J.: 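Pasting a structure here, questions to come.
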Amino acid sequence: MSFDVKAIRRDFPILNETVHGKPLVYLDNAATTQKPQAVIDTIVDYYTHTNSNVHRGIHTLSQLATNQAENARHIVQKFLNAREDREIIFVRGCTEAMNLVAHSYGALHVNEGDEIIISAQEHHSNIVPWQMLCEEKKALLRIIPINDAGELLLDEYAKLLNERTKLVSVVHVSNTLGTINPIKEITAMAHKYGIPVFVDGAQAVAHFAVDVQDLDVDFYTFSGHKLYAPTGIGVLYGKAEWLEKMPPYHGGGAMIRSVSFEKTTYNELPFKFEAGTPHIEGVIALGAAIEYVWSIGLETISKYEDELLRYGTEQLSQIEGLRIIGTAAHKAGVLSFALADIHPHDVGTILDNDGIAIRTGHHCTQPLMERFGVPALNRASFAFYNTKEEIDALAAGLRKVVRMFVN
Amino acid sequence: MTTDLYQQIILEHSRNPRFLGVLTDAHTQAEEYNRLCGDRITVFVRMRGDVIEQAQFTGSACAIAKSSASLMMTLLQGKTIQEAMDLYNKFQEFLTQKTVNEQTNKTLELGELRALAGVREFPSRIKCALLPWKAMAKAVHPEGKC
């Protein structure tokens, strides 16, 4: 299908906002994406017509809410191409999914002297839960290094794998560098040792189609709010064979089959991992967001965003003193850069005054900042509603910053 | 407007900070860190009695924090701890008050620090301007009673 970005932009009411009197140029999509009217309407409809608790009531509204929420689970199952709906666990976001697996898988399989492998690209959310687990279990955290382009060194990774390795947890797309990691290869290498692989898909699922069976990953997570859905809802996919063996993470309602003071038996998947009343409107709105993305098509989205990234890289490279950090051969959606020796907060403030929103700071990847020798970075990140004109506005804004600071 | 924020004097001080560098014979030093952006400022102080005989700073920070540190240094030399803390309090008040009475403003004796007035319009940047001052307060009040 042909891609009409003007029509797409009309689906996102926030894009009509002005900031400091200038039209909003929103280039902070890796932090969170804006929400289409279809998603906003779903939330309003839910509270206007359906609001009720799920899996609890016999009354009509409870049935309706349950059906809508379980339909959303089915949508997610198709979205990731999981084998079954019960492999889809609703969580608050990637952070909760990582903590769930660290806690639950860790309790079962990680012991003193064992090793967990992560990569130098990880977000703090894929570092800290494993550090906490390693500290508790006296296990060891090993790190896959990267090259100067920001690509994982697979030879080094191969050397880290051994019979003490209990889990590999890596990011699919780096939130700072934009690198798309070769997950299929990483997984195959770990599986030779029978080691499961957990993948952080926070920056991946909005940009290209993800097939968990094809990748053969054991766990996969993404956050709804980076996929045009609300905050506070996310997904943990896990192969049923792992999830069935793993103990529950949180105890409470919904995750039980029967409770007595002597003994509690746990509910079946996925409910074993969903204690308490879930974020029902978030679940349903996530389903609506995925349907919206499908209506455009992930292939179309990938193609258009690649074009934006290529154009953005070209335009920004021409700015004097600008250094792009993250130059991997395979990248998605993210353009991080240092601008001369101008502090990113100064860059961010000046751009904001022109209505341009980018991320400035350490991007929750402090080890990466150290690796590239910068205290902080500027990051523009794209969604399919962005335009080349917005990238031109960014480039013009950056030139203004340079004029102010470098003389 | 960002031109109000980034006045010439701010840009100039951030490019050529005064009293920059480690003070090797400092009696006390303290670092302050902004978790949000990773800015770090360390303040070094050599005392003579309760007088700040010499103060210097190091760190990596944005133009606002750096210029605030540089301007602070030009004012600190030779001040007593009490005078330095008074200045800190006045400056803090100056940045956080929505409207500053012109008369009060003039009696604040903030000198060139007033160039940072633009920060008032950028709430997220007030922390940047205060970062070096917090480090200074920590250095001269190591027990944290500031």
Side-chain angles (χ1 to χ4, degrees), chain A residues 19-22 25 28 31 123-124 128 176 321 325 336 338-379 393-394 396-407, chain B residues 1-17 20-21 31-43 57-72 95 115-135:
Chain A
V19 172
H20 301 297
K22 312 273 172 53
V25 173
D28 194 16
H123 187 275
H124 295 166
V128 183
T176 307
I325 307 281
S336 283
L339 188 58
D341 58 354
I342 308 167
H343 194 282
H345 261 193
D346 296 320
V347 177
T349 296
I350 294 163
L351 290 179
D352 178 61
N353 221 251
D354 286 340
I356 303 167
I358 64 162
R359 171 77 193 266
T360 55
H362 55 57
H363 310 297
C364 293
T365 53
Q366 286 177 353
L368 263 186
M369 298 297 112
E370 208 162 297
R371 168 69 176 73
F372 286 98
V374 289
L377 278 178
N378 309 282
R379 178 186 70 190
L394 170 67
L398 291 172
R399 287 202 165 85
K400 185 167 142 188
V401 175
V402 173
R403 275 200 304 278
M404 271 177 82
F405 276 83
V406 187
N407 275 307
Chain B
M1 278 299 292
T2 46
T3 43
D4 294 338
L5 180 61
Y6 295 101
Q7 292 190 17
Q8 271 315 313
I9 183 163
I10 304 293
L11 294 173
E12 202 275 319
H13 271 267
S14 78
R15 271 187 226 122
N16 307 300
L20 180 73
E31 182 194 76
E32 201 50 43
Y33 174 61
N34 183 345
R35 203 181 57 83
L36 185 69
C37 56
D39 282 1
R40 270 173 212 283
I41 297 262
T42 305
V43 168
F57 81 102
T58 61
S60 72
C62 64
I64 302 300
K66 244 194 281 181
S67 61
S68 180
S70 176
L71 288 162
M72 173 180 84
L95 289 186
L116 284 159
V119 175
R120 287 204 294 251
E121 304 304 317
F122 296 85
S124 62
R125 305 304 299 277
I126 291 175
K127 264 190 193 163
C128 308
L130 290 178
L131 192 74
W133 293 83
K134 282 189 184 160

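Lettering of chains follows the sequences in order, A, B, ..., and the numbering in each one begins at 1. Just so you know, these numbers come straight off a predicted model, no measurement behind them.
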J.: I'd like to know if A/Asp341 pairs up with B/Arg15 as an ion pair, taking the criterion as any Lys NZ or Arg NE/NH1/NH2 lying under 4.0 Å from an Asp or Glu carboxylate oxygen.
T.: no
J.: Measure distances from B/Leu11 to the heavy atoms of chain A and classify the residue's part below 4.5 Å as side chain, backbone, both or neither.
T.: side chain
J.: As an exercise, state the distance from CZ of B/Arg35 to NE2 of A/His362, rounded to the nearest 0.5 Å.
T.: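 Rounded to the nearest 0.5 Å, the CZ-NE2 separation comes out at 6.5 Å.
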J.: Does any heavy atom of chain A fall under 4.5 Å from the side chain of B/Ala61, the backbone, both, or neither of them?
T.: backbone
J.: Distance check, rounded to the nearest 0.5 Å: A/His343 atom NE2 versus B/Ser14 atom OG?
T.: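 Result: 11.5 Å between the selected atoms.
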J.: Establish, from distance only, whether the side-chain atoms of A/His345 and B/Asp39 form a donor-acceptor pair under 3.5 Å.
T.: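 No, B/Asp39 and A/His345 have no side-chain donor paired with an acceptor closer than 3.5 Å.
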J.: Run through A/Asn353, A/Thr349, A/Asp346 and flag the one making a side-chain contact (heavy atoms from CB on, under 4.5 Å) with B/Leu5.
T.: A/Thr349
J.: What part of B/Arg40 is in contact with chain A, defined as an atom under 4.5 angstrom from a non-hydrogen atom: side chain, backbone, both or neither?
T.: neither
J.: Within a radius of less than 6.0 Å around CD of B/Glu12, do more than 12 heavy atoms belonging to other residues, nucleotides or ligands occur?
T.: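 Yes, the 6.0 Å shell around CD holds more than 12 heavy atoms from other groups.
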